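Since this is a predicted model, take the numbers as computed values, not measurements.
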2 protein chains.
Amino acid sequence: MSAEKPPIPSVWARRRQRRDQPALSQDRIVSEAVRLLDEEGMDALSMRGLGARLGAGATSLYRHVANKDELIELVVDEVYGEVRVPDADGGPDAWRAAVAECAHSLRSMILRHPWVASVLGQVGLIELGPNLTRQSERMLALFQAAGFAPDEADQAISALIAYVVGMTVNEAAYLSMLARSGRTEQEMAEELRAAAQQAAPGHPLLEAWRNDDPRQIRERKFVYGLDRLLDGLQTRLGPAGT
Amino acid sequence: MSAEKPPIPSVWARRRQRRDQPALSQDRIVSEAVRLLDEEGMDALSMRGLGARLGAGATSLYRHVANKDELIELVVDEVYGEVRVPDADGGPDAWRAAVAECAHSLRSMILRHPWVASVLGQVGLIELGPNLTRQSERMLALFQAAGFAPDEADQAISALIAYVVGMTVNEAAYLSMLARSGRTEQEMAEELRAAAQQAAPGHPLLEAWRNDDPRQIRERKFVYGLDRLLDGLQTRLGPAGT
DNA sequence: CTCTTGATGCGAACACTGTACGCATAGGGA
DNA sequence: TCCCTATGCGTACAGTGTTCGCATCAAGAG
């Protein structure tokens, strides 16, 4: 009788063994959420769906995550950890290259995870988790090593991040809209130009990306603005170059 | 019997007269949506709620607006019409002041309607309506009058808008988070600094806005980055000043 | 070995959301 | 007078985030 156990004893012990799922945890939830977002975008993120992907019920996630909002914050901080910020030991000469690399890395991250674009407007960039603060610290060191006073370094960082985020978020939104509509880039460009012509006829806006590779054009645009901003910052480092 | 009309003949003819509501229209819907968003924020925008504010049923709005998404696009374009872009007739000298005024105007608009921050990441800045294309046209004229070649003017505009939007969206998100949490600015700054200390101890990030007026500090930060970007752009106009 | 205790998963339920459908009505032209 | 189109709206459906209480397991105490 002691060998006779309750009637439905091991319903999900069986399931857990069957699929070999190592139980839930905040880390597992967050990384699976990142995968889901990368594959299907922000609209596809629902607690039920995410739970299903983890072989768990919808409400089980709430044992490890307070809100959907908190989950999103965690997820954003997670991908923010992918941004590479070079060390500050290169000396003042390497400053510009290091900052540019950092900017490109941030841009790549946003383009790799386009859904962050739809969150950055709601979350702000300050309240986020350890990864973001750590990266900010490293950037601060970068600018201070270049010769910026701490106060000005903070302003410079904010300006740089604002530019990169603003530019790339716009780009990511354009790309995701393009992907959703199923059109090719050429068609979309043609359509936009036609719409602009209709709205304000006679003005030759958007004459760029006619025949070239649109991807290169976007990159060139990004680099142009970045270079201008860095030019403007560099003048603050004193007139004496290297 | 022919005089005997159906039992509930004039239910909403009465209602319409009672409240004197001039029937639904896309314009009325859009401007009421703007008002609702300004008062209660993005989360409070639901078709049912908006319909109620207009004295109409929820689904009546769909006769004038295809989607909630389309409604949002219309609303964003509406407030974009508030941005002031100066005329381009000031000559090359007035260029910098005109562009700066335009940037400040864009920033004011976003801070006046903080909810646009949560949309800019999803909508992109290109596909939008007549107001946005018109403003873009005017900015293009501004830069061309300053001496930029058409191709470069396009890149410069993108950079400027990216900076302003990125900076201000972050600011607006911070402010709305602050408003939601009910804390005062000093408390929030203290809390953030404490959190940063805990995450990465020993690093003196966020030393700014200690005793000064936070609002002035944010404005100063915005102006700093804007000046740097304009500095960088101005060098492209040829070494000969004025 | 038994009992308890805390952590964890989960089904049901609730208050919402956006939106498709079909019906009722009003106003205007033939 | 009749019809037709435009417009409003009630109902309904699928799906959402989240709460609550119960079931179950792992581990430690006696």
Derivation of the salt bridge (charged side-chain N to carboxylate O under 4.0 Å, His left out) call for A:E219 and A:R107: CA-CA 10 Å; A:E219 169 113 14; A:R107 180 178 113 107; 3.0 Å; yes
Verify the contact: side-chain N or O of A:T59 to OP1 or OP2 of D:dT18, cut-off strictly under 4.0 Å; return yes or no. no
Heavy atoms of other groups near A:R84 CZ, more than 12 under 6.0 Å: no
Would you kindly give the CG-to-C1' distance between B:L61 and D:dA6, to the nearest whole Å? 16 Å
Can you tell me if A:N67 touches the phosphate of D:dT18, counting only side-chain N or O atoms and a distance under 4.0 Å to OP1 or OP2? yes
Between D:dG15 (C1') and A:E40 (CD): distance, integer Å: 15 Å
Would a 4.5 Å heavy-atom cut-off, applied to side chains only, mark B:L24 and B:S60 as touching? yes
Taking the side chain as every heavy atom from C-beta outward, state whether B:E39 and B:R53 have any atom pair closer than 4.5 Å. yes
Phosphate-side-chain proximity, B:H64 and D:dA6, N/O vs OP1/OP2 below 4.0 Å: no
Taking atom C1' of C:dT8 as reference, at what distance in whole Å does atom CD1 of A:I29 sit? 11 Å
If you assign B:R63 and B:A58 each to the DNA chain C nucleotide with the nearest heavy atom, which residue ends up on the more 5' nucleotide? B:A58
Can you tell me the distance, in whole Å, between the CG atom of A:L50 and the P atom of D:dG15? 17 Å
In whole angstrom, give the distance that lies between atom CD of A:E70 and atom C1' of D:dT18. 14 Å
Does a side-chain heavy-atom distance below 4.5 Å link A:L50 with A:I29? yes
side-chain hydrogen bond (donor to acceptor under 3.5 Å, both in side chains) for A:D38 and A:W115? Distances and angles first, verdict last. CA-CA 7 Å; A:D38 287 346; A:W115 42 270; 2.7 Å; yes
Polar atom pairs (N or O), protein with nucleotides 14-17 of chain C, under 3.5 Å:
unit_1: C:dT17; atom_1: OP1; unit_2: B:S46; atom_2: OG; d: 3.4

Give me the ring orientation class for B:F222 and B:H104: parallel if the planes are under 30° apart, tilted from 30 to 60°, perpendicular past 60°. perpendicular
Rounding to a whole Å, what distance do you find between A:Y62:OH and D:dG21:P? 17 Å
Rounded distance in Å - CG (A:L54) to P (C:dT8): 16 Å
